[in-house]
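Have a look at the structure below, then the notes.
From a predicted model like this one, the values you see are computed outputs, not experimental measurements. Numbers restart at 1 for each chain; the letters A, B, ... are given by sequence-line order, proteins then strands.
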Amino acid sequence: MLDLKLLRENPDAVRAGAMKKRMPDRAAAVDKALAIDAELRAMLPKLDAMRSEQKNAGKEMGKLGPAEREAVLAKQKERKVELQALEEKEKQLRADLDAQMSLIPNVPDADVPEGKDDTENVEVRRWGAVRDFGCQPKAHYEIGEAQGWLDFNRAAAMAGSRNYVLFGDLALLHDAVLRYAVDLLVARGFTAVDPPLLVRDAAMYGTGFFPGGEEQTYRCEKDGLNLIGTSEVPVTSLHGGEMLAEDQLPKKYVARSACFRREAGTYGKDTRGLYRVHQFQKVEQVIVDVADKARSIQHHHDICKNAEDMLQAFELPYRVVAVCGGDLGVPQAMKYDIETWMPSRGNYGETHSASRFYDYQARRLDLRYRQKDGGKAMWCHTLNNTVVASPRILIPLLENHQQKDGSVRLPPALRPYLGGRESIGKPVF
RNA sequence: GGAGAGGUGGCAGAGUGGCCGAUUGCGUCACCUUGCUAAGGUGAUGUACCGGAAACGGUACCGGGGGUUCGAAUCCCCCCCUCUCCGCCA
């Protein structure tokens, strides 16, 4: 949610922001919101005055004698009818305004590149040399199925497409990367969190996934609950409705959770393998801090570095891209994606997504803090980034570290999590 | 699933129809006093919105939504949440 004042003072910037995100419908919400706001403001002074009159006259009544009382009472009843009509109108306008406001996207920062979709994201930096295999490397699913680590058919039979079963050492590797990610972040001062996976609409709305993301979300209609697509939702919502003290900030959380996505509208896209699946595990970093743009940007770099350090420890080549306007979501002000080299795709594939929101989520979540020394109540700033999402990260791990015989070398960082072994798998090719 | 008790400001906790935007305590801030790891005194201290250059004035908000009433934190209805007891259960 944006500040209504920003909308009034600089509607062009907000409208241009929505257009930069390639969301013309949402840009239209700016004008709708302003029109409703104008109508509301036109009636408010009159409404407030009427209420004031009504209130004062009512108070006086308590002190009046029976005769005068009758006269005032009659007058009051008249006013009441008039007031009720106005209040009905006010209520409607406020509801409409709120609906439009919740559609208006966060304004992308100046450092967000222009562009229509992910093909126009701009590379910021690159790390690691892409390995020359000297032959066609195997895809992760070829290695995984040959090793008996992966089964898509049985998964599809019981759960539908875009599902998988991990077995044996791959299941252990899956757990190892997640555990490594949690340990890394805990060592850097983050607090581990195990959050709810089923949340109310308010949490989806508060983090900006609703309205708009309903089609991507599994919903338990009976209970009015939603399966999270990322632990960003419950973790950012943790302090929703609270008034934090400035010296409690920043809050730095690292959550490991299952994530669920319907992937509606992606039929025929990334159908093979572990890239696009309905259910996965993710370790997510979330920061809640004071309303300071420079600090948000610093955090943004820090959480990117956390993810990059992990990829470097995994010895996986990656690049960081600045996500362009057209590929940016509704609530983000700026986003970096980290893409890891995936030989089977012959390209970098998205494995991480680091976003900063400023106070956009905090306003929706009613997430505030009080400034030190008796200062004002302020909306917090929020950020988040993937540390690791698996099984997607298993794609580059298997493919980049595969050996000729189909076994997979383990980077030293992961060995302690797999009994000290230097590789997994037997010769299969 | 059944029975009961509750949800009030940063926190604790009063308030059962008008004198309540809300006693009081704690916390916080300012000033004063005094000094010896401290204490005491005085005052200020919610959020949002509207009008205003500002001072300030006004309105709304006592879990959420409806209703009764001239008037609701207070009465009625629905929903949500928390706690206790019983049942069931990984």
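- Base-pair partner of A72(B): not found among the strands shown (Watson-Crick or G-U wobble, both distances under 3.5 Å).
- For C26(B), the paired base is G10(B) (Watson-Crick or G-U wobble, both distances below 3.5 Å).
- Here, A38(B) and G21(B) have their P atoms 41 Å apart, quoted to the whole Å.
- Taking only side-chain atoms of Lys5(A), from C-beta outward, the nucleotide of U59(B), C81(B), C49(B) with the closest atom is C49(B).
- Within the 4.0 angstrom heavy-atom criterion, only backbone atoms of the sugar-phosphate kind lie near Lys77(A); the bases stay farther away.
- Using modelled atom types and a 3.5 Å distance limit, the side chains of Asn226(A) and Asp201(A) yield a donor-acceptor pair.
- In this structure Glu242(A) satisfies the side chain to side chain donor-acceptor pair (under 3.5 Å) test together with His239(A), sequence neighbours excluded.
- Taking the C1' atom of each, U69(B) and C31(B) are spaced 47 Å apart, rounded to whole Å.
- Computed from coordinates, the Arg363(A) CZ to C49(B) C1' distance equals 13 Å when rounded to whole Å.
- Spacing between G13(B) and G7(B) at atom C1', rounded to whole Å, works out to 13 Å.
- Across all strands shown, C85(B) forms a Watson-Crick or G-U wobble pair, both distances under 3.5 Å, with G2(B).
- Checked against the 6.0 Å centroid threshold, His381(A) and Phe357(A) do not count as a close aromatic pair.
- Donor-acceptor pairing under 3.5 Å is recorded for the side chains of Thr382(A) and Gln361(A).
- Heavy atoms of Lys46(A) sit nowhere under 4.0 angstrom from any nucleic acid atom.
- The Lys55(A) side chain lies nearest to U59(B) when the options are C70(B), G66(B), U59(B).
- Regarding contacts with the backbone of U59(B), a side-chain N or O of Ser52(A) is found under 4.0 angstrom from either OP1 or OP2.
- Residue order along RNA chain B, read from the 5' end via each residue's closest nucleotide, puts Trp379(A) first among Trp379(A) and Lys91(A).
- Counting only N and O atoms by type, the side chains of Gln216(A) and Arg261(A) include no donor and acceptor under 3.5 Å apart.
- Only the C1' atoms considered, G63(B) is 10 Å distant from U8(B), to the nearest whole Å.
- The residue among Ala377(A) and Gln76(A) whose nearest nucleotide of RNA chain B lies closer to the 5′ end is Ala377(A).
- Distance Met243(A) CE to G10(B) C1': 7 Å, rounded to the nearest Å.
- To the nearest whole angstrom, the two C1' atoms, one in G9(B) and one in C20(B), are 13 Å apart.
- Nucleotide G17(B) is matched to nothing when pairs are restricted to Watson-Crick or G-U wobble geometry with both distances under 3.5 angstrom.
- Taking atom C1' on both nucleotides, G2(B) is separated from C88(B) by 11 Å, rounded to a whole Å.
- Atom C1' of nucleotide U47(B) and atom CD of Glu242(A) are separated by 16 Å, given to the nearest angstrom.
- When the P atom is compared between G87(B) and A3(B), the two are found 16 Å apart, to the nearest whole Å.
- Rounded to whole Å, the distance from CE on Met50(A) to P on C50(B) is 20 Å.
- Residue Arg51(A) places its side chain closer to U59(B) than to any other of C70(B), U59(B), U47(B).
- Going from atom CE of Met43(A) over to atom C1' of G51(B) covers 16 Å, rounded to whole Å.
- The residues Asp31(A) and Arg15(A) are annotated as salt-bridged, a charged nitrogen and a carboxylate oxygen being separated by less than 4.0 angstrom.
- Rounded to the nearest Å, the gap between the C1' atom of C11(B) and that of G17(B) is 29 Å.
- When the C1' atom of U47(B) is taken as reference, atom CZ of Arg370(A) falls 9 Å away, rounded to whole Å.
- Residue Pro45(A) has its side chain nearest to C50(B) when only C50(B), G10(B), C70(B) are considered.
- If you measure from atom CZ of Arg94(A) to atom C1' of C49(B), you get 6 Å, rounded to the nearest angstrom.
- In this structure, CG of Leu83(A) is placed 14 Å from P of U68(B), rounded to the nearest angstrom.
- Using modelled atom types and a 3.5 Å distance limit, the side chains of His352(A) and Tyr318(A) yield no donor-acceptor pair.
- The base-pairing partner of G51(B), taking Watson-Crick or G-U wobble contacts with both distances under 3.5 Å, is C56(B).
- Backbone-only contact: Arg368(A) has heavy atoms under 4.0 Å from sugar-phosphate atoms and none from a base.
- Within the 4.0 angstrom heavy-atom criterion, only backbone atoms of the sugar-phosphate kind lie near Leu44(A); the bases stay farther away.
- When distances run from any side-chain atom of Lys80(A) to the nucleotides U59(B), U69(B), C50(B), the shortest one goes to U69(B).
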